[in-house]
2 protein chains.
Amino acid sequence: MRTVPPKSKHEILQRAIPMFAESGFKGVTMRAIAGRVGLTAASLYHHFPDKESLYLAALKQAFADRSRALGEALTAPAPPAERLRLLILRLCERMQRDSTFTRLVQREILDGDEKRLRLVAKQVFHEVFAAITALCRELAPACDSFLLSTSIIGLVVHYYQFTPIRSYLPGSRPEYDQAATVARHITTLLLNGINLKQESEFRSQDSE
Amino acid sequence: MRTVPPKSKHEILQRAIPMFAESGFKGVTMRAIAGRVGLTAASLYHHFPDKESLYLAALKQAFADRSRALGEALTAPAPPAERLRLLILRLCERMQRDSTFTRLVQREILDGDEKRLRLVAKQVFHEVFAAITALCRELAPACDSFLLSTSIIGLVVHYYQFTPIRSYLPGSRPEYDQAATVARHITTLLLNGINLKQESEFRSQDSE
DNA sequence: GTCTATAACATGATAGAC
DNA sequence: GTCTATCATGTTATAGAC
């Protein structure tokens, strides 16, 4: 007997995503997911061939739903430096408001075996990462685009991953929790490096 | 009568550190630690008042044993840019060869509650972080030293945390696993930014 | 054909008795 | 130590409801 309308894959994954983020792959059972969705464990197997497929689909969907703004930034009709600025800003805004995906990936790095990590790299990150390296090639042909891409990602991602500890470090201030402040710092650092001649982050009369 | 010499705190923690890195705070029982050390669980409580104290001491010791080279780099008799270069190189070398501490911290960020994270920030990171911000103030007075410090740490730490996925991303190459290569890239990026005006690997601007 | 539930199977971990 | 009972979990088989 059916009392409720059938669940779509998207709905199932939407429920599973925060569970995997909270407890990791092994920490979440098929029965727990089913319970949260309003199904039985067996029914999940109509939508996904096995637990690992469900898990990978969850990672994929979590990333896809969160990387839309990044794709827009990367393909915007603007000079490469402006696309970089927008990419970093969107990434900061996204990570500021939601740490679910970051936690998913952190857990996967800690617990995943080689085979699954390869699948994650291929199925989740490959496309967006390639787009970022393409931007880097355009932006700084003299620089190693692979290393530069990882640096851009690392600057933003680690900043927000580290937040639970960072906020208790000496010198922490409220404005460091604002995405715009962080994004501006990172963008300036990437474009100009440390050795700013005389300009502070506030003096930019020649821009626009 | 005693058949084995008493264990020092250092020995106990040395055994506990990889266990916490592998399975996190909750994933390691006092009995498991005791078994590894060759003691009973009750004996551990002679050395540490509770599990959390043992855990924090493990984090502290893991970091202290691994941050010695960083302290040397930070206090070297050299100009600030050279100290930065050395700091990054030592950090890369350390993380390249041993991911134990990084995994400890990642697990702590995922699983720790606010109170314990505050203790970690204070007891583990505070001192070294303050030394890095001091270097940043000296190096780049016009730049926000707090944000700059987190960026330096983030560039290195995230690079190595991301290794299990990074190695499967498009464009990955063997030399990216060499600490000297990574350290050089990060140092150059920090000092000069993307827009390399004059650099060793520099190519003259081609026509568009 | 699509979706779900009931029941059951297989394995691995755990606990307790011997 | 071994054996056994028990439980949790991924998974499959089959049948019923739209």
Side-chain angles (χ1 to χ4, degrees), chain A residues 1-65 100-101 103-124, chain B residues 1-4 12 15-45 50-52 54-55 58 103-104 106-107 110-111 164-165 168:
Chain A
M1 67 175 180
R2 179 182 302 153
T3 62
V4 290
K7 312 291 185 189
S8 68
K9 288 190 181 189
H10 190 90
E11 283 177 73
I12 295 170
L13 296 176
Q14 212 59 22
R15 299 289 192 147
I17 285 167
M19 301 176 75
F20 282 126
E22 186 59 30
S23 312
F25 179 76
K26 282 199 314 190
V28 178
T29 68
M30 291 297 269
R31 285 171 176 80
I33 298 170
R36 191 92 149 229
V37 180
L39 290 178
T40 66
S43 301
L44 290 179
Y45 286 88
H46 177 76
H47 298 274
F48 304 94
D50 51 32
K51 187 185 177 186
E52 189 158 300
S53 299
L54 193 161
Y55 173 74
L56 284 171
L59 256 65
K60 219 170 164 176
Q61 174 167 307
F63 184 67
D65 286 351
T100 304
F101 182 71
R103 294 175 74 89
L104 273 173
V105 175
Q106 277 189 280
R107 290 228 179 281
E108 175 59 21
I109 287 175
L110 288 170
D111 300 330
D113 58 7
E114 236 178 88
K115 169 176 138 276
R116 220 171 57 193
L117 285 163
R118 186 163 46 233
L119 287 174
V120 170
K122 189 86 171 175
Q123 298 187 10
V124 178
Chain B
M1 120 183 212
R2 180 181 291 150
T3 59
V4 290
I12 295 170
R15 299 289 191 145
I17 286 167
M19 301 176 73
F20 283 127
E22 187 59 32
S23 312
F25 179 77
K26 282 199 315 190
V28 178
T29 66
M30 290 297 268
R31 280 153 296 280
I33 298 172
R36 189 92 149 228
V37 179
L39 294 176
T40 66
S43 304
L44 287 182
Y45 286 92
D50 51 32
K51 185 182 174 185
E52 187 156 305
L54 193 159
Y55 173 75
R103 295 174 74 88
L104 274 173
Q106 277 189 282
R107 289 221 180 277
L110 287 171
D111 301 329
I165 289 179
Y168 298 118

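Basis for what follows: all heavy atoms, side chains included, without hydrogens, waters or symmetry-related copies. Small disclaimer: the values here were computed from a predicted structure and weren't measured.
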[atom1] of [X] versus [atom2] of [N]: gap in Å, rounded?
X	N	atom1	atom2	result
A:Ile33	D:dT9	CD1	P	12 Å
A:Leu54	D:dT9	CG	P	16 Å
A:Lys51	D:dT12	NZ	C1'	17 Å
A:Leu44	C:dT2	CG	P	18 Å
A:His47	C:dT2	NE2	C1'	9 Å

Inset, instruction - Have a look at A:Thr40 and say if it touches a base, only the backbone sugar-phosphate, or nothing, with a 4.0 Å heavy-atom cut-off. - result: base
Inset, instruction - Look at all strands and tell whether A:Val28 reaches a base, only sugar-phosphate, or nothing, counting heavy atoms closer than 4.0 Å. - result: sugar-phosphate
Do [X] and [Y] touch side chain to side chain, with heavy atoms closer than 4.5 Å?
X	Y	value
B:Leu39	B:Ile12	yes
A:Tyr55	A:Leu119	no
A:Lys51	A:Phe25	yes
A:Asp65	A:Ile17	no

Inset, instruction - Could you pick out which residue, A:Arg31 or A:Ser8, lies toward the 5' side of DNA chain C when each is mapped onto its nearest nucleotide? - result: A:Ser8
Legend entry - Footprint string (nucleotides 11-17 of chain C, 5' to 3'): B base within contact, S backbone only, - free, heavy atoms under 4.0 Å: -------
Strictly distance-based, threshold 3.5 Å: is any side-chain N or O of [X] a donor or acceptor partner for the main-chain N or O of [Y]?
X	Y	result
B:Arg103	A:Leu110	yes
A:Arg15	A:Ile33	no
A:Gln123	A:Lys60	no

Inset, instruction - Please list, chain by chain and in numerical order, all residues satisfying salt bridge (Lys or Arg N to Asp or Glu O under 4.0 Å) with A:Arg107, sequence neighbours excluded. - result: B:Asp111
Inset, instruction - Would you mind telling me which of C:dC3, D:dT9, D:dT11 lies closest to the side-chain atoms of A:Tyr45? - result: D:dT11
Inset, instruction - Look at A:Ser43 and C:dA5 and indicate whether a side-chain polar atom (N or O) is within less than 4.0 Å of OP1 or OP2. - result: yes
Inset, instruction - Ignoring backbone atoms, establish whether A:His46 has a side-chain N or O less than 4.0 Å from OP1 or OP2 of C:dT4. - result: no
Legend entry - Inter-axis angle, terminal five-pair segments of the helix from C:dG1-D:dC18 to C:dC18-D:dG1 [nearest 10°]: 10°
Inset, instruction - Identify the two heavy atoms, one from A:Leu104 and one from A:Ala62, that lie closest to each other, and give their separation to 0.1 Å. - result: CD1-CB, 3.8 Å
